Amino acid sequence: MAILEVSNVIKQYKQYDEIVTAVNRVSLKVEDGEFIAIMGPSGSGKSTLLHICAGLDRPNSGSVRIRGNDLTDMSPDELSRFRGIYVGFIFQKHNLIPQFTALENILIPTVMCNKPDFSYEEHLKKLISALDIGDRLHHLPSELSGGQQQRVAIARALINRPQVLFADEPTGNLDRENADEVLRLLLYTKELIGQTLIMVTHDMSVAEHADKIYKMEAGNLYLFRDEHGYRRNSYEEEAERAKW
């Protein structure tokens, strides 16, 4: 069953006197529980696409559906409420509030969108244990390492137990050891919660763990490797680009 359906999405910006197409007629279907990696050079539109899929940005045209709900038809308040229940987002630069402790940062989504029938206390204990941040909860972000800040950001994204987790270069600012550990934790929490993971990454060693790898170039998205291990060769890639 598809949990995310993107249909013919276009996103354009005006830059000086030119119109820049960041996302060009992209369609994508992601099944429940899948891990999807999106790769591509800087400026290819992959982060813009991720933000649109998560409801953090709106396309100029096309539709984005999560669990059959069209995000493009929602009002800002409806969209905020929907994201709080169904969507988690991990930013590349953590985006932690500097005046808040690690614990306070983690709990922000519960204040913005509380689930009355959900046991936050038990779930919080599991996340703290899985991410190994129990001894850092009362520290400010400035007192944490880059890897620890990213773990806090992951916990914040997961505290509402979202059905879909979006991650924008979650290992991009980390050294190899911390990057490998963050990936391990994401895969572990994915299984713990049973969610869908959609990740933008430059790192093929990270993308190789995904069920499917997509590549993006100049706003266009295409499948690079599927769940059966199929890969496009260079000739096929050039033929695909020629269509653009």
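Fair warning: this is a prediction, and the values are worked out from it, not measured in the lab.
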Partners of [X] by side chain to side chain contact (heavy atoms under 4.5 Å, CB included), sequence neighbours excluded?
{"X": "Ser44", "value": "Pro41, Lys46, Met216"}
{"X": "Ser61", "value": "Ile10"}
{"X": "Ser27", "value": "Asn8"}
{"X": "Gln195", "value": "Leu158, Pro162, Leu165, Lys190, Ile193"}

**Request:** Walk me through it: do Asp77 and Ser75 pass the test side chain to side chain donor-acceptor pair (under 3.5 Å)?
**Result:** CA-CA 5 Å; Asp77 287 345; Ser75 70; 5.5 Å; no
Any pair with a residue in [range] that passes ring pair (Phe, Tyr, Trp, His ring centres under 6.0 Å), sequence neighbours left out, goes on the list, sorted by first then second residue, please.
{"range": "residues 2-57", "result": "His51-Phe89"}
{"range": "residues 188-207", "result": "none"}
{"range": "residues 136-171", "result": "none"}

Those residues at least two apart in sequence (or on a different chain) that pass salt bridge (Lys or Arg N to Asp or Glu O under 4.0 Å) with Glu169 are none
Quick one: [atom1] on [X] to [atom2] on [Y], what's the gap to the nearest 0.5 Å?
{"X": "Leu223", "Y": "Ile36", "atom1": "CG", "atom2": "CD1", "answer": "8.5 Å"}
{"X": "Leu183", "Y": "Leu186", "atom1": "CG", "atom2": "CG", "answer": "6.5 Å"}
{"X": "Gln150", "Y": "Leu96", "atom1": "CD", "atom2": "CG", "answer": "8.5 Å"}
{"X": "Phe224", "Y": "Ile213", "atom1": "CZ", "atom2": "CD1", "answer": "6.5 Å"}
{"X": "Glu5", "Y": "Asp70", "atom1": "CD", "atom2": "CG", "answer": "10.5 Å"}

| Joint cluster assignment, Leu56 & Leu71, ILVMFWY side-chain distance < 4.5 Å | yes
Qualifying residues under side-chain hydrogen bond (donor to acceptor under 3.5 Å, both in side chains), relative to [X], sequence neighbours excluded:
{"X": "Asp168", "value": "Ser47"}
{"X": "Ser142", "value": "none"}
{"X": "Gln148", "value": "Ser145"}
{"X": "Asp175", "value": "Asn178"}

If the threshold is 4.0 Å, N to carboxylate O, is there a salt bridge linking [X] and [Y]?
{"X": "Arg184", "Y": "Glu181", "value": "yes"}
{"X": "Glu208", "Y": "Arg225", "value": "yes"}
{"X": "Asp73", "Y": "Arg65", "value": "no"}

Which heavy-atom pair separates [X] from [Y] by the least distance, and what is that distance?
{"X": "Glu34", "Y": "Thr196", "result": "O-CG2, 3.3 Å"}
{"X": "Pro109", "Y": "Arg156", "result": "CG-O, 3.4 Å"}
{"X": "Asn24", "Y": "Asn220", "result": "ND2-OD1, 3.1 Å"}

Would you check, one step at a time, whether the test side chain to side chain donor-acceptor pair (under 3.5 Å) holds for Asp203 with Ser205? CA-CA 5 Å; Asp203 192 339; Ser205 66; 2.5 Å; yes
Counting distance only, does the side-chain N/O of Asp32 pair as donor-acceptor with the main-chain N or O of Ile3 below 3.5 Å? no
